Q: 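Before I ask anything, let me first share the structure, which is written out below as structure tokens.
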Protein chains: 2
Amino acid sequence: MARTVGSHSDTTAQRVRAAALTLFARHGFAAVSMRQIATEVGVQVGALYNYTPDKQTLLFDLMRSHLEELLDAFEDRQDLPPPARLEAFVRFHIRFHHKRPEAVFIAYMELRNLSPENFAVIEDLRRAYENRLEAIIAAGVAQGAFDVADTKIATLAAIALLTGVNTWFRADGRLTLDAVEAQYWQMVSKALAGTANQL
Amino acid sequence: MARTVGSHSDTTAQRVRAAALTLFARHGFAAVSMRQIATEVGVQVGALYNYTPDKQTLLFDLMRSHLEELLDAFEDRQDLPPPARLEAFVRFHIRFHHKRPEAVFIAYMELRNLSPENFAVIEDLRRAYENRLEAIIAAGVAQGAFDVADTKIATLAAIALLTGVNTWFRADGRLTLDAVEAQYWQMVSKALAGTANQL
DNA sequence: GTTTGTATTGAACAATTGTTCAGTTAGTCT
DNA sequence: AGACTAACTGAACAATTGTTCAATACAAAC
């Protein structure tokens with residue numbers, strides 16, 4: 001046998017990426033074989049190499065497009081006051097990450113399986129995203145709306161906090177995503193608040 | 001050849017665990033072979049099986065003892081008022097996790113490589129730790145020192161926030177661990193504070 | 001100094017790994 | 001209808017995987 005009925009490079013490429021995303025997220029990059037991906041796609045192993053030069057590049061492409069989509073999707077309304085900008089960021093971050101749990105998982109867990117060059121690219125993208133948040137926090141500090149000792153730490157702390165939602169939130173649980181957004185926004189806003197409010 | 005000079009099961013057992021910890025943290029469980037561990041220990045592969053029935057149990061033992069040490073190490077001073085208890089927890093968590101970055105990494109990243117039974121054991125231990133924090137938060141809410149919409153969410157949020165320190169803090173960086181503890185405690189205390197303090 | 005038990009070697013096992021490629025069939029274009 | 005190209009198969013490759021076990025050299029006890 002050879003070429004199969006209805007085969008098209010566009011659709012197969014998509015299915016390869018989707019299968020890799022799901023399997024990498026579920027079992028981890030190193031634990032997934034190219035044959036498992038091929039089986040999921042419904043194709044023989046060799047065919048995968050029409051869509052990626054090697055296994056690691058497949059992982060890298062998934063990570064990069066995830067982070068690029070993340071950066072593209074966030075629109076910073078610089079005309080708004082910092083608290084409103086920050087609230088928009090918080091809600092955006094939670095919603096965006098909720099929609100792509102597998103990509104989020106992979107982008108945070110499989111960094112060590114990248115070559116140094118690929119790792120550097122991913123790190124740059126991640127830092128670019130962090131910088132967007134830091135700019136908001138810095139603006140708020142500058143005009144007294146926020147009070148933080150170090151904007152970089154506050155940025156990393158906020159992102160760790162918000163990304164943590166993905167580890168426990170389930171849409172069929174007792175809370176709606178809207179309620180979660182509201183509660184996290186409350187915690188973030190209080191944590192960074194300018195009004196002195198120590199215990 | 002056979003038994004080697006100076007060989008003792010006690011010391012070898014320790015070295016096997018140490019080697020596995022380092023390698024699993026650096027490359028991931030699935031990416032590390034038993035032969036790599038053996039090489040690190042300075043022994044042949046077969047010798048490892050005097051110390052673990054199989055590879056996965058080696059991982060499980062590392063995770064379990066890490067979490068058991070974590071639970072043993074934290075002493076909750078229930079006699080103190082909730083804010084002081086919470087501060088003690090925050091500082092303990094950051095310090096303890098800072099001393100064991102590899103074990104922390106593994107315990108959060110390699111859960112999917114456990115069998116269902118082993119996974120359940122680890123999950124119970126983690127939940128036990130979370131419950132310790134939740135008890136503190138609940139006590140603070142009960143007496144009005146804290147104000148959170150949901151103690152479970154506040155607990156998970158705080159742990160995600162605090163554990164995030166490990167992803168960026170380096171002892172040779174521009175900040176001391178003490179300064180980091182102080183800043184994180186400030187954020188946590190403000191985030192959960194009872195006094196109304198919205199933006 | 002002999003015996004007993006412990007710690008390790010070294011080789012073997014079947015299974016699986018990522019990757020390559022000549023051959024073959026399906027879609028597409030003229 | 002025929003020629004051309006794109007997509008896939010199927011088999012092969014050497015390397016590596018986790019695990020087992022008889023043989024053996026050491027340490028400890030007497």
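Note on naming: letters A, B, ... go to the chains in the order of the sequence lines (proteins, then strands), and numbering restarts at 1 for each one. Just so we're clear, the structure is a prediction, and the values are computed from it rather than from any experiment. Side chains included, hydrogens not; waters and symmetry mates left out as well; all remaining heavy atoms used.
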Q: So does B:Val41 get a backbone contact from the side chain of B:Arg15, meaning a donor-acceptor N/O pair under 3.5 Å?
A: yes

Q: Would you confirm whether A:Ser189, through its side chain, and A:Gln186, through its main-chain N or O, come within 3.5 Å as a donor-acceptor pair?
A: yes

Q: OP1 or OP2 of C:dT25 versus the side-chain N and O atoms of A:Thr4: is any pair under 4.0 Å?
A: no

Q: Would you mind reading off the distance between B:Met34 atom CE and D:dA15 atom P, rounded to a whole angstrom?
A: 23 Å

Q: When the distance from CG of A:Leu48 to P of C:dT19 is rounded to whole Å, what number comes out?
A: 10 Å

Q: Nearest heavy atom decides the nucleotide; on that basis, is B:Thr12 or A:Val32 closer to the 5' end of DNA chain C?
A: B:Thr12

Q: Separation of B:Tyr49 atom OH from C:dA11 atom P, in whole Å?
A: 18 Å

Q: Quick check on C:dA26: is either OP1 or OP2 less than 4.0 Å from any side-chain nitrogen or oxygen of A:His8?
A: no

Q: For a quick check of understanding: with a heavy-atom distance under 4.0 Å over all strands, which category does B:Val45 fall into, base, sugar-phosphate or nothing?
A: base

Q: Are B:Phe89 and B:Tyr129, when compared by the centres of their aromatic rings, separated by less than 6.0 Å?
A: yes

Q: Taking OP1 and OP2 of D:dC8, is either one under 4.0 Å from a side-chain nitrogen or oxygen of A:Tyr51?
A: yes

Q: D:dG18 C1' sits how many Å from B:Asn113 CG, rounded?
A: 14 Å

Q: Pick the nucleotide of DNA chain D nearest each of A:Arg35 and B:Lys55; which residue has the one closer to the 5' end?
A: A:Arg35

Q: How close or far is atom P of C:dT19 from atom CG of A:Leu58, stated in whole angstroms?
A: 10 Å

Q: Of the options C:dT20, D:dT19, C:dT8, whose atoms approach the side-chain atoms of B:Ala47 most closely?
A: C:dT8

Q: How about A:Gln56 and A:Asn118: does a side-chain donor come under 3.5 Å of a side-chain acceptor?
A: yes

Q: What integer distance in Å separates B:Gln44:CD from D:dC21:P?
A: 19 Å

Q: Out of D:dT20, C:dG18, C:dT8, which has the shortest distance to the side chain of B:Asn50?
A: C:dT8

Q: Within the structure shown, what part of the strands sits under 4.0 Å from A:Val41 by heavy-atom distance: base, sugar-phosphate, or nothing?
A: nothing

Q: May I have the distance from B:Gln36 (atom CD) to D:dA15 (atom C1'), rounded to whole angstrom?
A: 14 Å

Q: May I ask you to decide if B:Gln36's main-chain N or O and B:Ser33's side chain share a donor-acceptor pair within less than 3.5 Å?
A: yes

Q: To the nearest angstrom, how far is B:Asp54 atom CG from D:dC21 atom C1'?
A: 17 Å

